[in-house]
Asks: 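Encoded as structure tokens, here's the structure I'll be asking about.
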Amino acid sequence: MQSQLTYEELVNKFLQMPEQFREAYRRKEWFRAKYIYDSAIVIGLFLEVPETIREQVFGSRQHEEAVKGMFPEWMLEEVMRECVIKNRLGFECVVYRIPGEVGFYGAGKDPGSRYMPARANPANPAGA
């Protein structure tokens, strides 16, 4: 029989997630790092952690001086770039950028074709 964790134990596990994120980042496990970050957001909401703990973990820009969180922004930016722009999510997914479209990471056009401007992409909401 499995024992139930107390609220404090759950919050402590939640507070360990930034270190797990940093470890996945160090190993260049981009999808795992993104999954940990995304999970931390959901778990924080589910646990209804106090605002002070949320600010400690995720940071805040609501104050005169920004509060740095436990998930370093520069690491988050690189993880998102690796996962989303370079499509390294670890599974097949829909890519909203069309290869050859201007702005597509590593865009290259097929022989005999031309680049597609972003506004012509049907997936671009600003293009319609």
Side-chain angles (χ1 to χ4, degrees):
M1 188 165 141
Q2 193 173 3
S3 66
Q4 295 221 345
L5 298 174
T6 66
Y7 178 78
E8 289 77 22
E9 291 170 327
L10 291 171
V11 170
N12 285 335
K13 283 184 162 278
F14 169 70
L15 291 172
Q16 293 170 7
M17 294 181 87
E19 180 54 39
Q20 295 168 358
F21 169 84
R22 288 191 295 276
E23 180 59 31
Y25 175 89
R26 280 191 283 277
R27 293 177 181 216
K28 297 186 180 195
E29 296 172 348
W30 309 118
F31 172 72
R32 183 170 176 266
K34 184 178 183 320
Y35 178 77
I36 291 168
Y37 178 72
D38 292 345
S39 297
I41 292 170
V42 173
I43 290 168
L45 290 172
F46 178 77
L47 292 177
E48 296 180 351
V49 293
E51 184 68 28
T52 55
I53 293 176
R54 272 199 310 265
E55 286 181 356
Q56 174 188 351
V57 174
F58 298 109
S60 174
R61 291 194 169 94
Q62 300 298 318
H63 305 284
E64 286 183 25
E65 275 194 44
V67 176
K68 291 187 187 279
M70 296 167 72
F71 289 96
E73 285 191 35
W74 63 271
M75 282 185 177
L76 283 170
E77 288 171 6
E78 185 169 357
V79 166
M80 296 306 169
R81 183 173 45 255
E82 292 291 334
C83 286
V84 178
I85 296 176
K86 293 185 179 179
N87 194 23
R88 293 183 180 165
L89 290 169
F91 56 86
E92 286 295 317
C93 69
V94 175
V95 177
Y96 292 100
R97 293 287 212 183
I98 299 170
E101 173 186 326
V102 174
F104 181 79
Y105 180 82
K109 57 183 182 167
D110 291 331
S113 66
R114 60 180 179 78
Y115 285 106
M116 174 187 290
R119 67 182 176 281
N121 182 346
N124 183 354

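These numbers come from the heavy atoms of this one structure, side chains and all, not from hydrogens, waters or symmetry mates. From a predicted model like this one, the values you see are computed outputs, not experimental measurements.
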Asks: What are the two closest non-hydrogen atoms of A40 and M17, and how far apart are they?
Replies: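 For A40 versus M17, the nearest heavy atoms are N-CE, 3.6 Å.
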Asks: Any salt bridge linking R81 with E77? Criterion: basic side-chain nitrogen under 4.0 Å from a carboxylate oxygen.
Replies: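 Here R81 does not pair with E77 in a salt bridge, since their nearest N and O are not under 4.0 Å apart.
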Asks: Go through the steps to decide whether E78 and E82 satisfy the test side chain to side chain contact (heavy atoms under 4.5 Å, CB included), and finish with yes or no.
Replies: CA-CA 6 Å; E78 185 169 357; E82 292 291 334; 4.3 Å; yes
Asks: Answer yes if F14 and V42 sit in the same cluster of Ile, Leu, Val, Met, Phe, Trp and Tyr residues linked by side chain heavy atoms under 4.5 Å apart, and no otherwise.
Replies: no
Asks: Which residues pass the side chain to side chain contact (heavy atoms under 4.5 Å, CB included) test with L10, not counting sequence neighbours?
Replies: L5, L47
Asks: To the nearest 0.5 Å, how far apart are NZ in K13 and CD in Q20?
Replies: 8.0 Å
Asks: Looking only at non-hydrogen atoms, find the nearest pair between R22 and M75 and report the distance.
Replies: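 Looks like CG-SD, 3.8 Å.
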Asks: Going by the rule side chain to side chain donor-acceptor pair (under 3.5 Å), which residues pair with E51 if we only count those two or more places apart in sequence or in a different chain?
Replies: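 Expected list: R54.
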Asks: Is atom CZ of F58 surrounded by more than 12 heavy atoms (other residues, nucleotides or ligands) closer than 6.0 Å?
Replies: yes
Asks: Identify the heavy atoms of E48 and Y7 that sit nearest to each other, and give their distance.
Replies: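 Minimum heavy-atom contact is O-OH, 3.7 Å.
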Asks: Examine distances only and state if a side-chain atom of E19 and a backbone atom of Q16 form a donor-acceptor pair shorter than 3.5 Å.
Replies: no
Asks: Is the CZ atom of R27 crowded by more than 12 outside heavy atoms at less than 6.0 Å?
Replies: no
Asks: Output the distance between atom CD (E8) and atom CG (L15), rounded to the nearest 0.5 Å.
Replies: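 Reported to 0.5 Å precision, the distance equals 11.5 Å.
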Asks: Taking the ring of W74 and the ring of Y25, is the distance between their centroids below 6.0 Å?
Replies: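 Judged by ring-centre distance (under 6.0 Å), Y25 and W74 do meet the cut-off.
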Asks: Applying side chain to side chain contact (heavy atoms under 4.5 Å, CB included), name anything that partners L76, two or more places apart in sequence or on another chain.
Replies: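 L76: side chain to side chain contact (heavy atoms under 4.5 Å, CB included) contacts with F21, Y37, F71.
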Asks: Looking only at heavy atoms, which two atoms of D38 and M80 are closest? And how far apart?
Replies: OD1-CE, 4.5 Å
